[in-house]
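Written out below as structure tokens is the structure these notes cover.
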Amino acid sequence: MSNPAPPPAIEVIGPRAGEVLNVLGAPITVKSGGDARQLFFADHPLPPGYGVPMHVHLDDDELFYVLEGELTLLSPDGELKAGPGTFVHLPCGAAHGFLNATDTPGRMLVITTPGGNLEGVFRDLDAAKSPAPEEVGAICAAHRIPMV
């Protein structure tokens, strides 16, 4: 008989730890471990006026938990407001975008499962520094998160 695999190690990432990536002007702190088969988890500040255009995740579900401020969710059906304590589930294939349409900062937690595609987008946007809109679209599409 073969020996069973050892149990996975518990990972703890402290409150001021994680990898900070500049994603279109927001310093997003990635807290997940980088395994594309597992979930992606990040602390996402939302500066006033910050937004992400309508897009769709072809391979993963995205989840938001609003910690501070007010988030305007964009969908083909219109806009919804989400304040502190609001949980948002965006199933795979659901077109969406978001905007901080207020003059105060906001903050949310972002989770995708599995996590590799969004993590790839964030890393590539960080590496691109200040990408033009068409470059943003190409980066997202390369990770199966096209703009709509």
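Position 1 is the first residue of the sequence; numbering continues from there. Hydrogens, waters and symmetry mates are skipped; everything else that's a heavy atom, side chains included, is used. All figures in this text were calculated on a predicted structure; none of them were measured in a lab.
- In this structure, CD1 on Ile145 lies 4.5 Å from NE2 on His57, to the nearest 0.5 angstrom.
- Side chains of Leu74 and Met54 form a contact here, defined as non-hydrogen atoms less than 4.5 Å apart.
- Between His44 and Tyr65, the distance separating the two ring centers is not shorter than 6.0 angstrom.
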Dump the intermediate steps for side-chain contact (heavy atoms from CB on, under 4.5 Å) on Asp60 and Cys92, then the final yes or no. CA-CA 5 Å; Asp60 46 35; Cys92 180; 5.9 Å; no

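- Under the 3.5 Å distance criterion, the side-chain polar atoms of Asp126 are matched with a main-chain donor or acceptor of Asn22.
- Residues Phe98 and Thr72 have side chains not in contact (no heavy-atom distance under 4.5 Å, counting atoms from C-beta outward).
- Counting only distance, with no hydrogens or angles, the side chain of Ser32 and the backbone of Phe41 share a donor-acceptor pair below 3.5 Å.
- Formation of a donor-acceptor pair under 3.5 Å by the Asn100 side chain with backbone atoms of Leu46 is found in this model.
- A donor-acceptor pair is defined here as one N or O able to donate and one able to accept, closer than 3.5 Å; such a pair exists between the side chain of His96 and the backbone of Ala94.
- Cluster membership for Val30 and Leu109, using ILVMFWY side-chain heavy atoms within less than 4.5 angstrom, is not shared.
- Remark: side-chain polar atoms of Asn117 are not paired, donor with acceptor, to backbone N or O of Val121 under 3.5 angstrom.
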Any chance you could lay out the side chain to side chain donor-acceptor pair (under 3.5 Å) test for Asp124 and His143, step after step, and finish with the verdict? CA-CA 10 Å; Asp124 287 355; His143 292 281; 2.7 Å; yes

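- Contact check for Leu118 versus Glu62: side-chain heavy atoms found under the 4.5 Å cut-off.
- Side-chain N or O atoms of Lys31 include none that pairs as donor or acceptor with a backbone N or O of Glu19 at under 3.5 Å.
- Here the side chains of Val20 and Pro27 are in contact, with some heavy-atom distance below 4.5 Å.
- Placement of Val52 and Val88 within a single hydrophobic cluster is found when ILVMFWY residues are connected by side-chain heavy-atom separations under 4.5 Å, directly or transitively.
- Residue Phe64 holds its CZ atom at 6.5 Å from CG of Leu71, rounded to the nearest 0.5 Å.
- Taken from CZ in Phe122 to CG in Leu24, the straight-line distance is 8.5 Å, to the nearest 0.5 Å.
- You'll find the side chain of Pro114 stays beyond 4.5 Å of the side chain of Leu39, heavy atoms only.
- Using a 4.5 Å heavy-atom threshold, the side chains of Leu125 and Pro131 count as touching.
- Ile111 and Phe87 fall within the same hydrophobic cluster, where Ile, Leu, Val, Met, Phe, Trp and Tyr residues are linked whenever their side-chain heavy atoms come under 4.5 Å apart, directly or through other members.
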Apply side-chain contact (heavy atoms from CB on, under 4.5 Å) to Phe40 and Leu63, showing your working. CA-CA 10 Å; Phe40 170 80; Leu63 313 161; over 6 Å; no

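- Counting heavy atoms from C-beta outward, Val136 and Met147 have side chains that approach closer than 4.5 Å.
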